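Quick caveat, the model's predicted, so the values are computed rather than measured. Reminder, nothing fancy here: chain letters follow the sequence lines and each chain counts from 1.
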Protein chains: 2
Amino acid sequence: MQSQAEIQDFVLNGYLTYIPHVSLDCAIFGYHEQQLKLLLIKHVALGRWCLPGGYIKRTETLVEAANRNVKEKTNVDNLFLQQFKTFGDPGRAQFSHFDEKKWFEVTSVHIDKTSWLVDQTISVGFYAITDFSITEPQSDLTTTCEWFDVDNLPPLEFDHDEMVRDALHAMRIQLYHYPIGINLLPEKFTLSEIHALYETLLGKKLDISNFPKKLIALGLLKKLDEKRSIGAHRSPHLYKFDKEKYDQALQNGVVLS
Amino acid sequence: MQSQAEIQDFVLNGYLTYIPHVSLDCAIFGYHEQQLKLLLIKHVALGRWCLPGGYIKRTETLVEAANRNVKEKTNVDNLFLQQFKTFGDPGRAQFSHFDEKKWFEVTSVHIDKTSWLVDQTISVGFYAITDFSITEPQSDLTTTCEWFDVDNLPPLEFDHDEMVRDALHAMRIQLYHYPIGINLLPEKFTLSEIHALYETLLGKKLDISNFPKKLIALGLLKKLDEKRSIGAHRSPHLYKFDKEKYDQALQNGVVLS
DNA sequence: CCAAAAGTGTTCTATTTACACCCATGG
DNA sequence: CCATGGGTGTAAATAGAACACTTTTGG
């Protein structure tokens, strides 16, 4: 969404392109160097930050819609997006604060009380994980977009606090059943790096020695003949994912301890 | 839904009471004596059987809507209903066959192409398990309601085949994390009975000897001082659930391997 | 040659699985 | 008193967690 004309058209005729009463919200987690962040956006006219989300085109699947949304906000494509829960309780979309004057100032569009946008909406929740160092949060006319530390989030708009809790929970459960990391680590990485990734995502300590055994036993990790010099006394072996086994594990699921 | 007047009002003004574009469908599994069944309904005007479902009132939560739906179809209240996935891909609600003449014959209501009912709809999937011997499928003016053997289902309308597959999968995963049986077994039951229940729901054999150990160790099962005579050489002990521990496990989850 | 970090191996423990065997009961 | 299913116990196998130790490398 960029120009005023586009916004105006969306407000007036969006219901022709999008399915009304249904939206989706994405908890996009960002990882980099042992930090876990969450992408939040802030509408100029809303009081609080919220999860990036949007409507679903009548022609696209839910996952496609989620992907499009993520692309718009992060410029990252083809993430592993996972539907985790749908939210639809009455009262879930109460504004903490809506500054109509500000909204009109920016967009020159009035949102009428009869607008398709104003009616009750249920929302399908997705989550994804990306590397926040390679993404560029896309702000535009009406919204600011920013990474926040996961354990230091501001209070969120609507029921988005609950969504984040559920998304984190779902993500951590999934970590035991699906491999992760192919988009979050460089192509070649050390055991320490993937170890740190898992510790950060799970939010707890993992034994450095036992941790890689299962991944290697499953054939997900392949040891390379290269080493890297990253400082004093340190020249760890490099590993990479076995793409075939990895995709297979994504497809069929595994148990990772 | 009973009378023609009610149906007429629903078709014309339903969008005032219900959220348009959003429905829910319930995979209601029925267990009894080692048989697993699924409740299906058939609209008079549709070619195939489908999952019972309906719209969500603007004033109720998703779970409340699902419960109301199940109550309408089975007369059973307060089931443990679990949201498992939301379906919204375009083309998901293609009729295999819609007999408009038949529909009008029964309801005396025309469904206009501009009706709120005709537009694209996404659907939230729930599943539940009940005892099919104590439920009375409720048929009415427009629909027939019947139990089908899970591994001998007819081809279903819309994307309901996929829903059933996903529901079964979700249910079997959940069985490892939540206790089940309090609505499916008599208040006092034998170890064989609960063993058969788990084998049927999971669709695989479980070692009869090891199976109860975890349940007993967790304190979910309490042994009673009673026995039952159910035939030659057979007088097994009776057990019952520890309601408190059971509810706690439902709340917090356990691992029942 | 030493300190720091990488990586391997061993041990101990807990959990799971398989299965043998005893017991109670009704015929 | 014996055939049958109910129930218990134990041994073997596997998986998980803890941690010691060896190797490598830069200074």
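Side chain K213(B) to base dT10(D): a donor-acceptor pair is found below 3.5 Å.
Taking only side-chain atoms of P236(A), from C-beta outward, the nucleotide of dA24(C), dG7(C), dT8(D) with the closest atom is dG7(C). Side-chain atoms of K223(A) lie closest to dG7(C) of the nucleotides dT8(D), dG7(C), dT25(C).
The closest side-chain donor-acceptor pair between T135(A) and T130(A), if any, does not fall under 3.5 angstrom. T144(A) and S139(A) are not linked by any side-chain donor-acceptor pair at a separation below 3.5 angstrom, with hydrogens and angles left out of the test. A side-chain donor from one of T86(A) and T86(B) sits under 3.5 Å from a side-chain acceptor of the other.
The interatomic distance linking F211(B) (CZ) with dT16(C) (P) rounds to 14 Å, in whole Å. dT15(C) atom P lies 11 Å from atom CG of L218(B), rounded to whole Å. The distance between atom CG of D225(A) and atom P of dG7(C), rounded to the nearest whole Å, is 13 Å. One interatomic measurement links the two molecules: NE2 of H237(A) to C1' of dT22(D), which rounds to 14 Å at whole-angstrom precision. Summarising the geometry, the separation between CD1 on I216(B) and P on dG7(D) is reported as 9 Å, rounded to the nearest angstrom.
The stretch residues 187-210 of chain B comes close to DNA chain C through D207(B), S209(B), N210(B), each having a heavy atom under 4.0 Å from the strand.
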Checklist line | Sequence-aligned protein contact record of nucleotides 11-16 of chain D, with B where the base is within under 4.0 Å of a protein heavy atom and S where only the sugar-phosphate is | finding: -----S
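Between R68(B) and E64(B) there is no salt bridge, since none of the side-chain N atoms of the basic residue sits less than 4.0 Å from a carboxylate O of the acidic one.
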Note to self: Checking F189(B) against F241(B) for the ring pair (Phe, Tyr, Trp, His ring centres under 6.0 Å) test, could you report, in this order, the C-alpha distance in whole Å, the side-chain angles of both residues, the deciding distance, and whether it holds?
What the structure shows: CA-CA 9 Å; F189(B) 51 86; F241(B) 286 110; 5.0 Å; yes
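Within the structure, the side-chain hydrogen bond (donor to acceptor under 3.5 Å, both in side chains) test picks out the following pairs touching residues 177-193 of chain A (sequence neighbours left out): K188(A)-E226(A), E193(A)-R228(A).
Judged by distance alone, the side chain of D149(B) and the main-chain N or O of N152(B) form no donor-acceptor pair under 3.5 Å.
Between L184(A) and the options I134(A), I129(A), I194(A), a side chain to side chain contact (heavy atoms under 4.5 Å, CB included) holds for only I129(A).
Taking the six-membered ring where the residue is Trp, the centroids of F211(A) and Y198(A) are separated by under 6.0 Å.
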